[in-house]
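Written below as structure tokens is the structure these notes are about.
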Amino acid sequence: MTKKLLLIDGNSIAFKAFYALYQSLDRFTNSSGLHTSAIYGFNRMLDKVLEEEKPTDVLVAFDAGKVTFRTKMYSDYKGGRAKTPTELSEQFPFLKELVAARGIKSYELPDYEADDIIGTLAKQAETAGDYQVVIVTGDRDLTQLTSDKTTVQVSKKGVTELETYTPEHVEKKLGVKPSQIIEIKGLKGDNSDNYPGVEKVGDKTALKLVQQFGTIDNLYDHIDEVSGKKLKEHLIHDEDQARRAKVLATINRDAPVTISLADLDYTGDDLDKLTDFYERMNFKSFLSKLGVDDQSSQEQLATIKCEVLTNKNLDELKQFQDEVSFHLEMSDENYHTADLLGFAIGQGEKWFVTNDVTLLKTPTIKDILTSSTIKKNVFDAKRTFVGLFRQSIELRNVDFDMLLVSYLLNTTNNSNDVGTVAKLHGFNNIKTDEEVYGKGAKRSIDTESQAFLDHLVHKAKAIDALHDAMFADLDKHNQTTLYRDIEIKIAFVLAKMEISGIKVQASTLEEMGSKFTERLSEIKQTIYQQAGEEFNIGSPKQLGTILFEKLRLPILKKTKTGYSTSVDVLEKLAPDAPIVQNVLNYRQISKLLSTYVDGLLKVIHKDDSKVHTRYLQTLTQTGRLSSVDPNLQNIPVRTEEGRLIRQAFIPSHPGWQIFSSDYSQIELRVLASITNDKNMQEAFREGEDIHATTARRIFGLKSNDEVTPELRRQAKAVNFGIVYGISDFGLSKNTGITRKQAHQFIQRYFEEYPGVKKYMEDIVEFARNHRYVETIAHRRRYLPDINSKSFNLRSFAERTAMNTPIQGSAADIIKIAMINMDEALKDMQTTMLLQVHDELIFEVPADELETVKTLIPKVMDSAIKLNVPLKVESHWGKTWYDAK
DNA sequence: ATGGTCACG
DNA sequence: ACGTACGTGACCATT
């Protein structure tokens, strides 16, 4: 029987796990103050890999110390590295204990690194014959060990996401054979291990050279064939360094290991030791996973004294005069349609719970919920409001919305589950819905069970228990105003908009649907003819085979899994082959049909012919809303064919109009305001066309009249780029200009708008120091990667630092406008229906049209006072399509 | 469940 | 030298 040997690079996985959880470092400590994050992450990786690979033999290899044969050979090897933080080094002894408790051997060898142990044992296993080898590491250099018998799994973000390298995958990804990785590293050196290769040689050049010459030896044998005078000089000058770097990069596969393959039997968890270990580490989730603990984890929850609420003891609720915590349970996430299942209510030590939702309508309870003097504490005010509204109960005076507060404190932790959020904030006497109800197909809620009632009480109790502490945190963040004046208020405005819904005429969609279906089958036949065979056009894989293998079209871009067939690629190919344009048309129409015709028809409510979206208020990282079920924030508009979909969106009363107002260039106005850039502010104050002004400035023209449409288009792209946190590469890719040109444009831009330049530098600096950025309304986004060593992660965080205050402040502004709008419209019939990021959509009776033409823009442009004016444009018509 | 594609701001 | 535009959701094919 073939054996499967799993070799784990202990140090590199521990490092990765530690930095992946760096942001939550303080959350991972046990009762004696030991940090446990790396142990936790390591164990998650173990769980996953053991489950997936089911190895027969396992070893975790560790580095023995700083001194190795490599440092003896080159004293600066791994020099200049920051000292391992004590928060990590203190975890290693326990990590080894964990490994042992899981029935796994660990091993280290003086003078050698973990890589060498792994390389040596992998070689032994390959020689022995009946082994399959899997290596798990955080270091991509180990992919040099891949072979037909050995795969290397390298952790990506975090440690549980692994990328599997086979020899084929190495070649595809790196462009060379596994054995040539050391040749590449020899030429370019390694910055993180602190050894040089050949001067001025990086990935690109190294790859080219290795592809041309195969090895460093061969390269120096044929040094005259190297093209490029400078390059040749550097190669000759640095030959010794290159040869040394290659040796340093080479994993030693004949290390004098004193452990043998026969010692590596994987015996499985030692339950006693492991349980004890998990308990000492406070690893609750791992404990419950052990199964030994299923009942005890149920009993672990301290019981909360509560009464089942009935008609008989209802009056006891009258004791709650100041505030109550309340949780309404529903059958699924769509609260517009979900069944109400039960509720819990109470405060302090007094709790009541029931699965009899008819009690909600009793005067006692209704009075509490609708009272404007009794404060309510809930989890998800909008959800609760809609659920109760369907029972004709209008929830008032919500003081604490735990979901909303948690989101404002840290947008990354956006769980919709009370238990998850409660634990996040240190309240552990609660389970998650998933633990109580199950997940996926197994999810079921037994409303008759005691467990159900208990769970509701624990939820309500969690809300009650956390509200002081979470409010205090909010205050520390300077976010109380954001919460009280914006977020909690907009929750109710959104609830009302969702309940209003927007009317969608099914017959209009159906007519469009049959036209689309007809055209689709025509195009399909043409495509089959042009391809010479039938295939699934909707499958990128099959389409790729047809276009790039059968028809031999040039491959312009690849994805992880094959050829890219995205629009930008197909548009470039369209002139070469007529089939491509047909595919593009097919794609467009089938998108319209499946997503917008069939998709919308599915969600029209029978009783009112309307769609009722749900705005997710606690999802985006910037403070924008998102819209689901259906998403009404991405209804087509850019192409005429798609735009026709909007004809199906109509007012809910005959003779009314759809009225739409949008902020013009709100993000650039926000940019002008927060950067305090005088030139950009002037453009907006003078009412100039900002893209034309930008064009005039960066191209050095005398007046905006000299700006051609093409120049304006380019300047517009630069303006967008700035908002997104620009790079010359990104700009050139997006606009088709050269990178050099893009670089010049950006430089010119920063010369002309020096305030913008300074702001971009300052905001990144702020993020580095504080690890977060803020919007005008103190909405906060954490950027844990801002100081990352990974260029990729760090750059992304830097762009985010530049973009989030802009996008997020624009989101703040429209939210304020919506709250004011709700008030301004309260005595009118005009109804606010939708928000699309910088645009509000209403339905308006004929006799109010004249009023709203001035009222709505007024409310929007006076939402906030910036250093530049806000501009609002309005359109209206008998359908959404006509409001243009 | 995940990735590719494409709809929006 | 690095490898890149910011924020979303729905659908389909594929695993």
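Below, each value reflects all heavy atoms present in this structure, side chains not excepted, and no hydrogens, waters or symmetry copies. Treat the numbers as computed from the prediction; the structure is a model and nothing was measured. Naming: A, B, ... by sequence-line order, numbering from 1 per chain.
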In whole Å, what separates the C1' atom of B/dT2 from that of C/dA5?
-> 24 Å
Could you state the CG-C1' distance from A/L731 to C/dA5, rounded to the nearest angstrom?
-> 9 Å
Does any donor-acceptor pair link the side chain of A/R587 with the base of B/dG4 at a separation under 3.5 Å?
-> no
Charged N-O contact under 4.0 Å between A/R383 and A/E333 | no
Has A/K541 got a side-chain N or O lying under 4.0 Å from the OP1 or OP2 atom of C/dT15?
-> yes
Across the strands shown, which category fits A/A801 at heavy-atom distances under 4.0 angstrom: base, sugar-phosphate, nothing?
-> nothing
Report which part of the nucleic acid A/G721 touches: base, sugar-phosphate, or nothing (heavy-atom distance under 4.0 Å, all strands).
-> base
What is the distance from OH of A/Y563 to C1' of B/dT5, rounded to the nearest Å?
-> 19 Å
Which nucleotide, B/dA7, C/dA13, C/dG7, lies nearest any side-chain atom of A/F796?
-> C/dG7
So, is A/S626 near the phosphate of C/dG9, with a side-chain N or O under 4.0 Å from OP1 or OP2?
-> yes
Nearest whole angstrom, please: distance from the P of C/dA13 to the NZ of A/K591.
-> 13 Å
Of all the nucleotides listed (C/dA10, C/dC12, B/dC8), which has the minimum atom distance to the side chain of A/S594?
-> C/dC12
Would you call A/E163 and A/R140 a salt bridge, using N to O less than 4.0 angstrom?
-> no
Give A/S627 one of three labels, base, sugar-phosphate or nothing, depending on what nucleic acid heavy atoms sit under 4.0 Å from its own.
-> sugar-phosphate
For A/F791 and C/dC2, is the gap between ring centres under 5.5 Å while the planes differ by less than 30°?
-> no
Start with the C-alpha distance between A/F796 and A/R799, add both sets of side-chain angles, then the distance that settles side chain to side chain contact (heavy atoms under 4.5 Å, CB included), and finish with yes or no.
-> CA-CA 5 Å; A/F796 186 68; A/R799 293 197 296 275; 3.7 Å; yes
Rounded to whole angstroms, how far apart are CG on A/D568 and C1' on C/dT4?
-> 15 Å
How long is the line joining CD1 of A/I722 and C1' of C/dT4, in whole Å?
-> 15 Å
So which nucleotide from C/dC11, B/dC8, C/dG7 ends up closest to the side chain of A/P636?
-> B/dC8
C/dT4 and B/dG3, which share atom name P, separated by this distance in whole Å | 16 Å
Atom CG of A/N734 to atom P of C/dT4: distance rounded to whole Å?
-> 14 Å
Tell me what A/R739 touches on the nucleic acid: a base, only sugar-phosphate, or nothing, going by heavy atoms under 4.0 Å.
-> base
Basic-acidic side-chain contact under 4.0 Å: A/E571, A/R587 | no
Mate of C/dC2 where both pairing distances stay under 3.5 Å, Watson-Crick or G-U | none
Is A/V723 touching bases, backbone alone, or none of the nucleic acid, heavy atoms closer than 4.0 Å?
-> nothing
B/dA7 C1' sits how many Å from A/H837 NE2, rounded?
-> 11 Å
Does A/Q807 get its side chain close enough to the base of C/dC6, under 3.5 Å, for a donor-acceptor pair?
-> yes
Can you establish whether the number of heavy atoms outside A/H237 located under 6.0 Å from its atom NE2 is more than 12?
-> no
Is a side-chain donor-acceptor pair under 3.5 Å present for A/T166 with A/E168?
-> yes
note: A/I806, atom CD1; C/dA5, atom C1'; distance rounded to Å ~ 13 Å
Reckon A/T205 touches a base, only the sugar-phosphate, or nothing at all at heavy-atom distances under 4.0 Å?
-> nothing
